[in-house]
Amino acid sequence: MQITKSLSLLLAGSTTLVASAASHDPFRSFRPRGEPVTMAKGYPNVTIAGVNVIDTPIVRLAQEFTRNHSTEAVFKHQMRAWLFGSLIVAANETLRNSVDVEIQAVSALLHDLGWDLTPNSTVTSLDHRFEVDGAIAARKFLEQYGDETWDARRIQLVFDAIALHTTRTIAYYKEYEVQVTSMGISVDYDGLRTGIDNATFGRITTDFPNFDLKDATNETFTAICAYKPSQTYDNQLQPWGERYVPGYNVTGNLRIDTIFKNL
Ligand SMILES: *[C@@H]1O[C@H](CO)[C@@H](O)[C@H](O)[C@H]1NC(C)=O
Ligand SMILES: *[C@@H]1O[C@H](CO)[C@@H](O)[C@H](O)[C@H]1NC(C)=O
Ligand SMILES: *[C@@H]1O[C@H](CO)[C@@H](O)[C@H](O)[C@H]1NC(C)=O
Ligand SMILES: *[C@@H]1O[C@H](CO)[C@@H](O)[C@H](O)[C@H]1NC(C)=O
Ligand SMILES: *[C@@H]1O[C@H](CO)[C@@H](O)[C@H](O)[C@H]1NC(C)=O
Ligand SMILES: *[C@@H]1O[C@H](CO)[C@@H](O)[C@H](O)[C@H]1NC(C)=O
Ligand SMILES: *[C@@H]1O[C@H](CO)[C@@H](O)[C@H](O)[C@H]1NC(C)=O
């Protein structure tokens, strides 16, 4: 698949991507199928907002793909989530030695594809919660663009990292890639974690300002509660439905007899 669109990384500036995902990657030939890409082992890298991150064709394509399907606010959120997650890994020896950072990069960059509110979007559905829309779209993205290093296990980890990113009571007990994807995302909403100090946070939000994330989240959650309420009853979108969407009603879904409906 020939990709001709120019990819303008905000900071990698002049980078233009005119390469196929499967060629021109000198690093690729050194990697057996399924082999994790860890910080300890090293990889092609680039510095974005002062953070050293992996720079492989699939990571660039993930940025392009997410730009194609995101508003500017959501694009920047996903970039920050990637950078924060990368810093969380860099600050911890266990994580440096074991986290597959290409998985964390792709997962963080694609985690909110389910927020695409474009009518008839190819990355969303009416019958899946937004996290699952994102996970399915990311899996398709990897099936289309991923090279042979993307075995079933690595693709599954991306799927899980995206599907579970809001369900931290599960995600934080899964594989490290699933944990750090969710933790990186959480920094935008919940604040600093080990690996990200105030100065680092300031540098990242200077290059990828976060002033618009609150409104973007509010608007997206409200829109999702309106267009597919049945996919918002078992996640954190309920308050938006109840507050802002006329006719939204979770009462029936919370009744014990609906849980025991076959018993
Ligand atoms: C980043 O790339 C440089 C070479 O360009 C290399 O020396 C360095 O080890 C790389 N860093 C990581 C973390 O892979
Ligand atoms: C992004 O959109 C452009 C323009 O429609 C398209 O040419 C390009 O292939 C898309 N990139 C990806 C990775 O889907
Ligand atoms: C590093 O990360 C591992 C895995 O999440 C965790 O168990 C450990 O406590 C961390 N180490 C430090 C020093 O934070
Ligand atoms: C979306 O799909 C529906 C049904 O196929 C069609 O009627 C509508 O025109 C489409 N809307 C857009 C913006 O493409
Ligand atoms: C945190 O960084 C911001 C700039 O990003 C600065 O205005 C603020 O004073 C800093 N706070 C602390 C406690 O250092
Ligand atoms: C969310 O958006 C609604 C309008 O859709 C607005 O009335 C409300 O104040 C916003 N809530 C927050 C917390 O920003
Ligand atoms: C919400 O659903 C429950 C159960 O189906 C029903 O009893 C209740 O009247 C509904 N409330 C509203 C405001 O529609």
Side-chain angles (χ1 to χ4, degrees), residues 10-11 36-41 47-51 71-74 76-77 79-105 107-108 112 115-118 130 157 160-161 164-229 232 235-250:
L10 290 188
L11 281 164
V37 188
T38 64
M39 281 188 185
K41 275 185 266 176
T47 298
I48 300 179
V51 184
T71 61
E72 187 64 16
V74 179
K76 290 183 296 170
H77 166 56
M79 289 294 288
R80 288 191 302 271
W82 172 30
L83 303 177
F84 293 144
S86 190
L87 289 166
I88 291 167
V89 175
N92 180 303
E93 193 184 357
T94 305
L95 300 178
R96 277 200 306 275
N97 286 323
S98 53
V99 168
D100 187 325
V101 295
E102 199 173 45
I103 289 176
Q104 185 268 332
S107 302
D112 275 337
W115 285 22
D116 185 3
L117 299 176
T118 314
F130 80 78
L157 285 169
D160 289 356
L164 293 168
H165 78 266
T166 60
T167 312
R168 305 210 155 91
T169 47
I170 298 175
Y172 285 3
Y173 301 91
K174 290 268 293 166
E175 292 85 349
Y176 288 148
E177 289 81 4
V178 179
Q179 295 182 27
V180 298
T181 298
S182 185
M183 288 174 180
I185 296 162
S186 82
V187 172
D188 247 352
Y189 291 98
D190 303 330
L192 306 181
R193 304 184 72 95
T194 304
I196 304 129
D197 61 20
N198 185 57
T200 314
F201 184 86
R203 206 164 57 226
I204 291 173
T205 52
T206 297
D207 290 336
F208 299 96
N210 63 353
F211 66 90
D212 44 11
L213 182 61
K214 191 173 177 183
D215 282 351
T217 305
N218 185 35
E219 282 162 21
T220 306
F221 282 7
T222 304
I224 292 173
C225 287
Y227 90 80
K228 51 175 174 185
T232 62
N235 59 22
Q236 57 192 357
L237 269 62
Q238 276 185 35
W240 276 266
E242 289 174 319
R243 223 162 289 172
Y244 304 125
V245 178
Y248 186 92
N249 180 11
V250 296

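We count ligands from 1, going down the list as the structure has it; atoms in each ligand are counted the same way. Note that the numbering runs from 1 along the sequence shown for the chain.
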Are the side chains of Met79 and Asp207 in touch, meaning some heavy atoms are under 4.5 Å apart? no
With a 4.5 Å cut-off on side-chain heavy atoms, are Asp100 and Leu157 touching? no
Within the structure, does Asp215 bring an N/O atom to less than 3.5 angstrom of an N/O atom in ligand 6? no
State the atoms of ligand 6, each with its element, that fall below the 4.0 Å cut-off from a heavy-atom position in Asn218. 1 (C), 2 (O), 3 (C), 8 (C), 10 (C), 11 (N), 12 (C), 14 (O)
Is it the case that ligand 6 has an N or O less than 3.5 angstrom from some N or O of Lys214? no
Modelled atom types, side-chain donor and acceptor of Tyr248 and Thr232, under 3.5 Å: yes
Could you label the plane-to-plane angle of the Trp115 and His77 rings as parallel, tilted or perpendicular, counting under 30° as parallel and over 60° as perpendicular? parallel
Per-pair distances, ligand 5 N/O vs protein N/O, less than 3.5 Å:
unit_1, atom_1, unit_2, atom_2, d
ligand 5, 2 (O), Asn198, OD1, 3.4
ligand 5, 2 (O), Asn198, ND2, 2.4
ligand 5, 11 (N), Asn198, ND2, 2.8
ligand 5, 14 (O), Asn198, ND2, 3.1

Tell me, do Val101 and Met39 make a side-chain contact under 4.5 Å, heavy atoms counted? yes
Please examine the side chains of Lys76 and Asn210, heavy atoms only from C-beta on, and report whether any two atoms are closer than 4.5 Å. no
Could you list which atoms of ligand 3 come closer than 4.0 Å to a heavy atom of Tyr176? 4 (C), 5 (O)
Atom CG in Leu117, atom OH in Tyr227: separation rounded to 0.5 Å? 6.5 Å
For Lys214, check salt bridge (charged side-chain N to carboxylate O under 4.0 Å, His left out) against everything at least two apart and list the hits. none
